[in-house]
Amino acid sequence: MTSNDAQTPGADLRPASRTVHPAVPATDGSRPLGPPLYQSHVFGFSDTETMAQALDSSGSPYIYGRYGNPTIDSFETAVADLEGGAAARAAGSGMGTITSTLWSLLSSGDHVVAQNCLYGGTQSYLDDLAERWGIEVTAVDADDAASVRAAIRPNTRVLFLETIANPTGAVADIPRLAAIAREAGVTTVVDNTFATPLLCRPIEHGADIVVHSATKYLGGHADVLGGVAVFADAAMHERVSRASVELGAALDPFAAWLLTRGMQTLGVRVAQQCANAQELAQRLAADSRVAAVYYPGLAAHPGHETARKLLTGGYGGVLAFELTGGRPAGKAFAEAVRLASLAPSLGDVKTLVTHAASVSHRKLSAEQLARAGIGEGLIRVSVGIEDVDDLWEDMRQALDATEHG
Ligand SMILES: *Cc1c(COP(=O)(O)O)cnc(C)c1O
């Protein structure tokens, strides 16, 4: 990431305003209002010294796309600015970001403390590190600071958390846990995909690295895959960037351009998604066919107090609920929605639903589901920006369908 003579937005602006004004390079006499798209992955030189120097640095001058490119830089700069970090490194997907970050931080014999309800892909990568590389992993409940402290050992290198976890909406007490990690010399990595930098900026609360699946809210339109890590510290950025270059965890310039464009509406999208989710959570909680609603914006949610202190502007766009009718009701609901789509992923402008027991968590037995706190009738909703009354009418007719399924 470099600052290529860019017209930067005022640091005093609030995050929702800053998203609308990504840095753009100045041109002669005027300036483009959107960042230009440099598709080029190869850059030429007039002398060998400058070219050799470019190979030694992971930033400027540009030499080859796997190291960086001005359009990828624009995206990285925009996210680093929003998250309040020193620098960012993008990858082709959220998993590219997470695996290259952990791979560069960990060696055989190291130990990781990880939240017990992580994104499935992150969990299976940690399982793989444990099995094949001798990196031990201890799962902890992020609500329980004492158990996090107790889990840390002399060889612990990383504490891995998610700001808002799936599907129960558990909220990690980042200030408290990052302070415990810091005291022990442990690097805190926070997956901030569900919260976005508009609701929470983990670096402000003591995290060292923030990772995102940019595929979700940052892009926002389910048409681009990407990932990005933001670093509090420039040296850590350099270390992870080098590993990402080795691994080939790079972002395509056109994807970077789409992500930067999508991010300009992040503020209005997330505000609408949070407002819709809050309203739907309340309406669902009052319906007799719903046994429980998991949304940190509800006062009854166990993470509500932490969420109230940590999150600004809303409680996120994802909610889950348990149907009284169990597995058949869950399947019936997921297949009955018309405005919403039965689809994986989240953060899209459109509302997406999934039935955990028959789709995302289909490989778990009833017992394993229960242990993970997931009922057989659990529906996850990634709430979009549609009119909330249309969404509710759709949900109501899908709830009706659960009674005759
Ligand atoms: C989707 C997701 C990922 C993985 O990101 P991809 O872009 O699909 O590779 C990681 N963490 C969370 C919380 C996610 O939702």
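Whatever order the structure lists ligands and atoms in, that order sets their numbers, starting from 1.
In terms of protein heavy-atom proximity, atom 6 (P) of ligand 1 is closest to Gly94 N, 3.3 Å. Protein heavy atom at the shortest distance from atom 15 (O) of ligand 1 is Lys216 NZ, 2.8 Å. The nearest heavy-atom contact from the protein to atom 4 (C) of ligand 1 is Tyr119 CE2, 3.4 Å. Annotation: atom 11 (N) of ligand 1 to nearest protein heavy atom, Asp191 OD2, 2.7 Å.
Taking distance alone, with nitrogen or oxygen atoms compared against 3.5 Å, Glu162 stays at or beyond that limit from ligand 1. No N or O atom of Thr122 sits closer than 3.5 Å to an N or O atom of ligand 1. Polar contact with ligand 1: absent for Phe194 (N/O pair, distance under 3.5 Å).
Per-residue contacts place Leu346 under 4.0 angstrom from the following atoms of ligand 1 (heavy atoms of the residue considered): 15 (O). Near Gly226, with a cut-off below 4.0 Å to any heavy atom, the atoms of ligand 1 are 7 (O). Here is the list of ligand 1 atoms found below 4.0 Å of a heavy atom in Met95: 4 (C), 5 (O), 6 (P), 9 (O).
Considering all non-hydrogen atoms of both residues, Ala401 and Ala336 come closest at CB-CB, 3.6 Å.
In this structure, the ring of Tyr38 has its center no less than 6.0 angstrom from the ring center of Phe43. Two rings, from Tyr315 and His304, have their centers less than 6.0 Å apart.
Salt-bridge annotation for Arg242 and Glu246: absent, with no side-chain N of the basic residue lying under 4.0 Å from a carboxylate O of the acidic one. With respect to Arg308 and Glu305, a salt bridge is recorded, a charged nitrogen being found less than 4.0 Å from a carboxylate O.
Of all the heavy atoms of Ile98, the ones lying under 4.0 Å from any atom of ligand 1 belong exclusively to the side chain.
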